[in-house]
Colleague: 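Take this structure first; my questions come after.
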Amino acid sequence: MHRRAFLKTLSGSLLAAPLAAEAQQARNVPVVGVLNSGTGPRSRTSDITRQGLRELGYIEGRTIAFDVRFAALKQDAFPDLAADLVRRKVDVLLASGPAAIRAAKDSTSTIPIVALDLESDPVQAGFARSLAQPGGNITGCFLDQPGLMGKWLELIGEAVPGTRRFAVLVDATTGPWQLTAIKAAAEKRRVELQVVGIRRSQELDQALEAGVKTGARALVQLSSPLFDFPPTIKRIVDFTAKHRLPAISMFGRFAEAGGLMSYGPNGLEYYKRLPVYIDKILKGAKPADLPIEQPTKFDFVINLKTAKALGLTIPSSLLQRADQVIE
């Protein structure tokens, strides 16, 4: 069979419905439907999940199949993408980020959803009854650690003593939890925040310029799937270099690409939990009974090359605490 079906969402995203996935369903092979924020069917989430399931003994095309939908960085595309996967009766939905998880939740109350979310409080967001007993069809890995926001302000303050005004880049589609937490941390530390919000990647440059115009002396990038995408990372790093802004992000790839610092959960450890959840569900476990996990290991990365370019001398006490120093 050589036929391939292609659908387009109103947002212009290409929705690939591989014939292989349909064939596997016909042979009763379990299908994992993936909601991907990126511009193509490959993503770190799906790649690590595939690898993890292979290590657990699954063989793609024989004992497991994947049906991937990608939003092309348009968060409002997720409802149509999720609904399409539900119509295809996938066995498990893998959703990364608040917008994808919300769309999956709104599309089905019966298909198990394995979630990866670094931005939301799963209980306050209505995704779960509690961490220990989610109680519905959603489980997975959630960050939900407000203390991180204060840590980012603290680290920038140590690297650049006397910084009193921070631009805070936030994806407004991720919910209020991060922003509430960093405002509380800023009030405690008596520093000022200039919040610059976006809902689409196209708004990024204008938002960053607005932050600089207010006199911000450093940038804190809150977590969002939009911000952990290589082209977006490069745009932010290039902007901070041009305007000589010390910046910190949750994502290690930010510091590796030229941002000053990153501090956040160990990505590989975090992502590797997803195939474990999928395996348990395919073997009969209910999401309602699978406790939500939170990260236990955090990585601190400093880019010393960037520090030198910014004319900063990073204190030795800070360098000694780093898990990685890029020179």
Colleague: Going by an N to O cut-off under 4.0 Å, is there a salt bridge joining Asp47 and Arg44?
Modeller: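 No, this pair does not count.
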Colleague: For the CD atom on Glu187, are there more than 12 heavy atoms of other groups (residues, nucleotides or ligands in this structure) within a distance under 6.0 Å?
Modeller: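 No, not enclosed.
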Colleague: Heavy-atom distance under 4.5 Å between the side chains of Asp228 and Arg253, does that happen here?
Modeller: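 Asp228 reaches Arg253 side chain to side chain.
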Colleague: Should Met149 and Gln178 count as side-chain neighbours, where that means a heavy-atom distance under 4.5 Å?
Modeller: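 SC-SC contact between Met149 and Gln178 confirmed.
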Colleague: In Å, rounded to the nearest 0.5 Å, how long is the span from NZ of Lys280 to CD1 of Ile278?
Modeller: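 Going from the NZ atom of Lys280 to the CD1 atom of Ile278 covers 12.5 Å.
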Colleague: Would a distance-only check, ignoring hydrogens and angles, find a side-chain to backbone donor-acceptor pair under 3.5 Å from Arg244 to Leu310?
Modeller: yes
Colleague: Looking at Ala159 and Pro315, what are the two nearest heavy atoms and their distance?
Modeller: CA-CD, 4.3 Å
Colleague: Say whether Ile64 and Val276 are linked into one hydrophobic cluster, either directly or through other cluster members, by side-chain heavy-atom distances under 4.5 angstrom.
Modeller: no
Colleague: For the backbone of Val301 and the side chain of Asp323, can you confirm whether one donor and one acceptor N or O come within less than 3.5 Å of each other?
Modeller: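 No, because the side chain of Asp323 does not come within donor-acceptor range (under 3.5 Å) of the backbone of Val301.
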Colleague: Could you tell me whether a side-chain N or O of Asn137 sits under 3.5 Å from a main-chain N or O of Thr108, the two making a donor and an acceptor?
Modeller: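 Pair found, side chain donor or acceptor close to backbone of Thr108.
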Colleague: Does one hydrophobic cluster hold both Leu193 and Trp177, with members joined at side-chain heavy-atom distances below 4.5 Å?
Modeller: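 No, because Leu193 and Trp177 fall into different hydrophobic clusters, even though each may have its own neighbours under 4.5 Å.
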Colleague: One pair to check against side-chain contact (heavy atoms from CB on, under 4.5 Å): Asp205 and Glu209. What are the steps and the verdict?
Modeller: CA-CA 6 Å; Asp205 296 332; Glu209 290 288 352; 5.5 Å; no
Colleague: Is Glu327 salt-bridged to Lys305, cutoff N-O under 4.0 Å?
Modeller: no
Colleague: So, does Asp171 use its side chain to make a donor-acceptor pair with the main chain of Ser224 at under 3.5 Å?
Modeller: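 Not at all, since once roles are kept as given, no pair shorter than 3.5 Å links the two residues.
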Colleague: Hey, are the side chains of Arg88 and Asp67 touching, using non-hydrogen atoms and a 4.5 Å cut-off?
Modeller: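 A side-chain contact exists here, since the closest heavy-atom pair is under 4.5 Å.
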Colleague: Just do the side-chain contact (heavy atoms from CB on, under 4.5 Å) check on Val123 and Arg129 with the steps written out, would you?
Modeller: CA-CA 6 Å; Val123 177; Arg129 185 174 59 201; over 6 Å; no
Colleague: Is any side-chain heavy atom of Val220 less than 4.5 Å from a side-chain heavy atom of Leu153?
Modeller: yes
Colleague: May I ask you to check whether over 12 heavy atoms, not counting those of Gln206, lie within 6.0 Å of atom CD?
Modeller: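 Open.
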Colleague: Donor-acceptor pair, distance only, cut-off 3.5 Å: does the side chain of Ser120 make one with the backbone of Ala125?
Modeller: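 Judged by distance alone, no pair lies under 3.5 Å.
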Colleague: Do the side chains of Leu155 and Arg321 get nearer than 4.5 Å, heavy atoms only?
Modeller: yes
Colleague: As an exercise, state the distance from CD1 of Ile314 to NZ of Lys308, rounded to the nearest 0.5 Å.
Modeller: 10.5 Å
Colleague: Within 45 degrees of the ring normal and closer than 6.0 Å to the centroid, is that where the cationic atom of Arg217 sits relative to Phe166?
Modeller: no
Colleague: Can the positive tip of Lys151 be found less than 6.0 Å from the middle of the six-membered ring of Tyr263, inside 45° of the ring normal?
Modeller: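 Verdict for Tyr263: a cation-pi partner in Lys151.
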Colleague: Just do the salt bridge (Lys or Arg N to Asp or Glu O under 4.0 Å) check on Asp238 and Lys242 with the steps written out, would you?
Modeller: CA-CA 6 Å; Asp238 289 348; Lys242 175 182 176 182; over 6 Å; no
Colleague: For Glu269 and Asn266, run side chain to side chain donor-acceptor pair (under 3.5 Å): C-alpha distance rounded to whole Å, both residues' side-chain angles, the deciding distance at 0.1 Å, then the answer.
Modeller: CA-CA 6 Å; Glu269 178 188 88; Asn266 180 280; over 6 Å; no
Colleague: Tell me whether Thr232 contacts the main-chain N or O of Leu226 through its side chain, where contact means a donor paired with an acceptor under 3.5 Å.
Modeller: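 Confirmed, Thr232 side chain pairs with Leu226 backbone.
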Colleague: Do you know which two heavy atoms are closest between Gly259 and Thr306, and how far apart they sit?
Modeller: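 Nearest pair, atom of Gly259 first, then Thr306: O-OG1, 4.0 Å.
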Colleague: Quick one: does Arg199's side chain have a donor or acceptor within less than 3.5 Å of a partner on Asp76's backbone?
Modeller: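 Answer holds: no.
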Colleague: Run the salt bridge (Lys or Arg N to Asp or Glu O under 4.0 Å) check on Glu60 and Arg50 step by step: do they pass?
Modeller: CA-CA 8 Å; Glu60 190 166 349; Arg50 279 182 158 106; 3.1 Å; yes
Colleague: Between Met250 and Leu143, is the side-chain contact (heavy atoms from CB on, under 4.5 Å) condition met? List the steps.
Modeller: CA-CA 11 Å; Met250 175 186 293; Leu143 180 59; 3.1 Å; yes
Colleague: Consider only side-chain heavy atoms of I, L, V, M, F, W and Y, link residues closer than 4.5 Å, and tell whether Leu282 and Ile48 are in one cluster.
Modeller: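 Leu282 clusters together with Ile48.
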Colleague: Hey, are the side chains of Leu304 and Ile326 touching, using non-hydrogen atoms and a 4.5 Å cut-off?
Modeller: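 Counting from C-beta outward, Leu304 and Ile326 never come under 4.5 Å.
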Colleague: Please report the shortest heavy-atom distance between Phe227 and Ile233, naming the atom on each side.
Modeller: O-CG1, 3.3 Å
Colleague: Dump the intermediate steps for side-chain contact (heavy atoms from CB on, under 4.5 Å) on Gln75 and Arg200, then the final yes or no.
Modeller: CA-CA 7 Å; Gln75 305 290 62; Arg200 290 170 171 265; over 6 Å; no
Colleague: What closest approach, in Å, do Pro291 and Pro134 show between heavy atoms, and which atom pair accounts for it?
Modeller: CA-CD, 4.2 Å
Colleague: Just so I know, are the side chains of Asp121 and Phe142 near enough to count as touching, which here means a heavy-atom distance under 4.5 Å?
Modeller: no
Colleague: Please confirm whether the backbone N or O of Gly97 pairs with a side-chain atom of Arg102, one donor and one acceptor, at under 3.5 Å?
Modeller: no
Colleague: Any heavy-atom pair between the side chains of Thr214 and Arg165 that's under 4.5 Å?
Modeller: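 SC-SC contact between Arg165 and Thr214 confirmed.
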Colleague: With rounding to the nearest 0.5 Å, note down the distance linking CD1 in Ile292 to CG in Asp117.
Modeller: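 So the gap between those two atoms works out to 9.5 Å.
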Colleague: With side chain to side chain donor-acceptor pair (under 3.5 Å) as the criterion, how do Ser249 and Gln221 come out once you've worked through the C-alpha distance, each side chain's angles and the decisive distance to 0.1 Å?
Modeller: CA-CA 5 Å; Ser249 166; Gln221 176 194 290; 2.9 Å; yes
Colleague: Look at the side chain of Ser262 and the backbone N and O of Phe254, then say whether any donor-acceptor pair between them is shorter than 3.5 Å.
Modeller: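 The answer is no, because no donor-acceptor pair under 3.5 Å joins these two groups.
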